[in-house]
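Heads up, the thing below is written out as structure tokens.
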Amino acid sequence: WEESEGRWKVRMDDGSGKMFKPSNMKPAELAAVPDACPDEVSPVPPEPPVSALGPSSRIRIIGLKAQPHLNGELGTVVEWDDCEGRWKVHMDDGSGKMLKPANLQLMDEQTSSLASAG
């Protein structure tokens with residue numbers, strides 16, 4: 001659920017993601033729900049890359065080209081998503097993002113405190 005948009009995030013059978021208003025959805029049969037990642041999704045590592053990143057890590061977004069306005073924004077790692085090959089991050093503005101490990105810079109406690117104070 002994306003509170004700011006008032007829409008549900010939905011993973012389609014083809015692997016794409018869409019957002020829908022509740023009025024435009026109805027429950028599907030359980031048999032139609034895939035058990036694992038869709039086959040169409042590019043192969044990704046089943047586990048997060050080895051690094052100091054993990055749940056509760058404070059991060060800064062870096063190196064985004066499609067949404068450069070997000071570079072420099074701060075957040076907290078929530079969990080690794082095997083299907084997407086990305087970290088789920090709760091941003092300081094309250095939004096949620098799914099980001100590749102290459103776009104996350106681990107913040108130490110001192111840097112994180114200084115960044116949030118300024």
Side-chain angles (χ1 to χ4, degrees):
W1 175 253
E2 183 67 38
E3 190 71 35
S4 63
E5 299 284 331
R7 296 169 188 252
W8 285 102
K9 293 180 181 179
V10 178
R11 175 73 43 220
M12 306 302 288
D13 286 343
D14 68 0
S16 65
K18 307 272 186 224
M19 295 182 73
F20 295 102
K21 294 178 185 175
S23 61
N24 293 330
M25 297 173 46
K26 70 177 185 177
E29 295 178 27
L30 289 179
V33 178
D35 291 332
C37 302
D39 293 335
E40 293 84 6
V41 174
S42 312
V44 294
E47 297 179 5
V50 176
S51 74
L53 283 175
S56 301
S57 295
R58 292 288 294 156
I59 59 88
R60 177 187 313 270
I61 296 177
I62 58 170
L64 289 180
K65 293 180 176 70
Q67 297 185 51
H69 62 280
L70 295 176
N71 290 325
E73 295 294 318
L74 304 176
T76 304
V77 173
V78 177
E79 66 184 354
W80 177 255
D81 186 297
D82 283 336
C83 290
E84 296 290 330
R86 296 170 189 243
W87 287 103
K88 293 181 182 179
V89 177
H90 182 259
M91 302 305 297
D92 287 359
D93 68 5
S95 66
K97 306 285 182 218
M98 294 187 68
L99 299 160
K100 295 177 183 177
N103 296 117
L104 301 179
Q105 177 183 41
L106 185 62
M107 306 282 291
D108 60 36
E109 287 185 31
Q110 182 180 3
T111 306
S112 182
S113 297
L114 291 173
S116 60

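This structure is a prediction, so every number in the text was calculated from the model and none was measured.
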To the nearest 0.5 Å, what is the distance between CE on Met19 and NZ on Lys9?
6.0 Å

Closest heavy-atom contact between Ser57 and Ala52?
OG-O, 3.7 Å

How long is the gap from CG on Leu53 to CZ on Arg58, to the nearest 0.5 Å?
12.5 Å

All heavy atoms of Gly6 vs all of Pro22, minimum pair found to be O-CD, 3.7 Å

Counting only N and O atoms by type, is there a donor-acceptor contact under 3.5 Å from the side chain of Arg86 to the main-chain atoms of Trp80?
no

If you round to the nearest 0.5 Å, how far is NZ of Lys97 from CD1 of Ile61?
7.0 Å

I'd like to check Leu70 versus Leu99 (side-chain heavy atoms, cut-off strictly below 4.5 Å). Are they in contact?
no

For the NE2 atom of His90 and the OG atom of Ser56, what is their distance to the nearest 0.5 Å?
12.5 Å

Hey, which of Leu104, Ile59, Asp81, Asn103 is the one that makes side chain to side chain contact (heavy atoms under 4.5 Å, CB included) with Trp87?
Leu104

Check whether any side-chain heavy atom of Phe20 lies under 4.5 Å from a side-chain heavy atom of Arg7, and answer yes or no.
no

Spell out, yes or no, whether Met91 and Leu64 are grouped together once hydrophobic residues are joined by side-chain heavy atoms under 4.5 Å, including indirect joins.
yes

What residues form a side chain to side chain donor-acceptor pair (under 3.5 Å) with Ser4, not counting sequence neighbours?
Glu2

Pairwise side-chain contact, Leu74 with Met107, heavy-atom cut-off 4.5 Å (strictly under)
yes

If I take atom CD from residue Glu73 and atom CZ from residue Arg60, how far apart are they, to the nearest 0.5 angstrom?
9.5 Å

